[in-house]
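Following: one structure in structure tokens, then a few remarks.
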Amino acid sequence: MDANQPKQEHLLALKVMRLTKPTLFTNIPVTCEERDLPGDLFNNLMKDDPSTVKGAEIIMLGEMLTLPQNFGNIFLGETFSSYISVHNDSNQVVKDIQVKADLQTSSQRLNLSASTAVVAELKPDSCIDDVIHHEVKEIGTHILVCAVSYTTQAGEKMYFRKFFKFQVLKPLDVKTKFYNAESDLSSVTDEVFLEAQIQNITTSPMFMEKVSLEPSMMYNVSELNTVYKDSDRSSTFGTKTYLQPLDTRQYLYCLKPKPEFAEKAGIIKGVTVIGKLDIVWKTNLGEKGRLQTSQLQRMAPGYGDVRLSIETIPDTVNLEEPFEIMCKITNCSERTMDLILEMCNTNAIHWCGVSGRQLGKLHPSSSLHLTLTLLSSVQGLQSVSGLRLTDTFLKRTYEYDDIAQVCVVSSKFPAES
């Protein structure tokens with residue numbers, strides 16, 4: 001009842017009950033040995049108990065279901081359901097009854113009533129029933145506000161409210177980490193690996209129905225949580241997909257830029273949106289919950305004004321025999337460049353060709369491919385270094401060392417193709 005209104009006897013009674021799945025009934029078995037004083041008394045009593053499992057009476061878990069004895073916990077992502085009943089406790093016919101249910105959160109007030117239509121009359125011992133549902137999307141304090149208005153036979157308009165406060169708890173702790181596939185010694189790509197750590201912070205086990213990554217428009221995603229063997233596929237977590245309380249799982253995903261974005265170097269830079277995680281689970285007797293994270297963001301690696309990457313390079317080459325590599329040069333700046341390529345020999349790597357060649361103008365976000373020839377005079381794992389790009393407009397030189405590695409073997413042992 002509203003504290004601002006004077007207390008008065010109302011003709012209608014409001015009852016609210018949360019709707020949840022029942023739980024399996026548990027009992028405490030009491031047994032003794034046959035030579036003890038009670039003899040078979042306890043065992044016979046348990047066999048006659050309808051809540052026990054026949055043939056397994058000493059197991060605590062029974063076959064009967066128990067209705068919820070209290071409000072219980074509500075977790076973010078679950079659906080809150082409640083039964084609302086307005087009963088006419090008087091011997092009068094009440095008219096113009098209206099029942100309204102609102103949910104007040106820390107940020108908004110939501111109307112949950114299926115219908116706000118006025119009921120013309122309610123006879124004695126009759127009731128108006130309603131079931132409300134709401135997918136919980138905020139944590140913290142929630143208040144269910146149920147308001148009832150009606151008119152008595154004398155024409156007096158009556159109104160009262162009841163408040164039901166409950167807390168919405170966080171069911172999962174989700175942490176994410178990003179790993180860039182590209183490093184100074186890698187010739188691969190703009191691949192991004194996402195590791196998602198999901199921990200069950202409730203007090204009951206969860207059945208993890210789905211954990212997926214919905215990528216943004218810039219990326220394609222591959223999930224790496226499945227093992228393929230011959231024609232079979234199995235989860236890296238085994239056949240059991242239960243997550244016990246306080247247990248943590250790591251899910252791994254690989255994201256690759258779509259071709260139309262990968263070709264435009266200027267687009268994927270700075271803070272980029274990767275996508276969002278979609279998590280679906282079930283608890284108890286199949287109660288479903290779902291969480292979607294906010295858009296995950298990462299800071300794209302900076303490549304400076306000019307990016308040089310290796311497109312193709314052999315794994316193994318013969319000592320003192322020329323081999324070719326293909327480079328990709330991308331203008332990551334917002335201005336046109338006029339580039340000159342210089343090739344500087346190192347102790348092990350010797351470039352073949354003319355150093356100081358003109359590459360011409362390269363517009364913003366544009367790329368060019370270049371095939372270069374070189375040889376190694378030293379065996380072992382050698383780093384490819386010594387490339388220099390000079391922008392003649394700004395007289396600025398960009399140095400590229402340790403851009404890739406190659407294994408150099410003696411010509412007596414031919415390199416594998």
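Using a cut-off of 4.0 Å between Lys/Arg side-chain N and Asp/Glu carboxylate O, Glu78 and Arg290 are scored as not salt-bridged. Remark: Arg335 engages Asp391 in a salt bridge, criterion side-chain N to carboxylate O under 4.0 Å. Checked for salt-bridge contact, Glu311 and Lys328 miss the test: no charged N lies under 4.0 Å from a carboxylate O. The pair Glu287-Lys21 fails the salt-bridge criterion, with no side-chain N (NZ, NE, NH1 or NH2) lying under 4.0 Å from an Asp/Glu carboxylate O.
With a 4.5 Å cut-off on side-chain heavy atoms, Val378 and Leu319 do not count as touching. Gln379 is listed as a side-chain neighbour of Ser410, based on a closest heavy-atom distance under 4.5 Å. Within the 4.5 Å cutoff, the side chain of Leu308 has no heavy atoms near those of the Val306 side chain. For the pair Asp96 and Gln98, the minimum side-chain heavy-atom distance is 4.5 Å or more.
With sequence neighbours excluded, no residue forms a ring-ring contact (aromatic ring centres under 6.0 Å, His included) with Phe178.
Applying the ring-ring contact (aromatic ring centres under 6.0 Å, His included) rule to pairs touching residues 236-258 yields Phe207-Tyr242, Phe237-Tyr251, sequence neighbours excluded.
With hydrogens and angles left out, the side-chain atoms of Ser376 and Glu320 include no donor and acceptor closer than 3.5 Å. Tyr83 and Asp129 form a side-chain donor-acceptor contact under 3.5 Å, judged by distance and modelled atom types alone.
The main-chain N or O of Met217 is found under 3.5 Å from a side-chain atom of Lys258 such that the two form a donor-acceptor pair. A donor-acceptor contact shorter than 3.5 Å is absent between the side chain of Ser235 and the backbone of Thr226.
For Tyr150 and Tyr159, the distance between ring centers is not under 6.0 angstrom.
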Does the side chain to side chain contact (heavy atoms under 4.5 Å, CB included) test come out yes or no for Thr141 and Lys165, once each step is laid out?
-> CA-CA 7 Å; Thr141 303; Lys165 182 186 292 188; 3.7 Å; yes
With side-chain hydrogen bond (donor to acceptor under 3.5 Å, both in side chains) as the test, would you mind laying out the steps for Asp305 and Tyr398 before giving the verdict?
-> CA-CA 9 Å; Asp305 293 339; Tyr398 305 90; 3.0 Å; yes
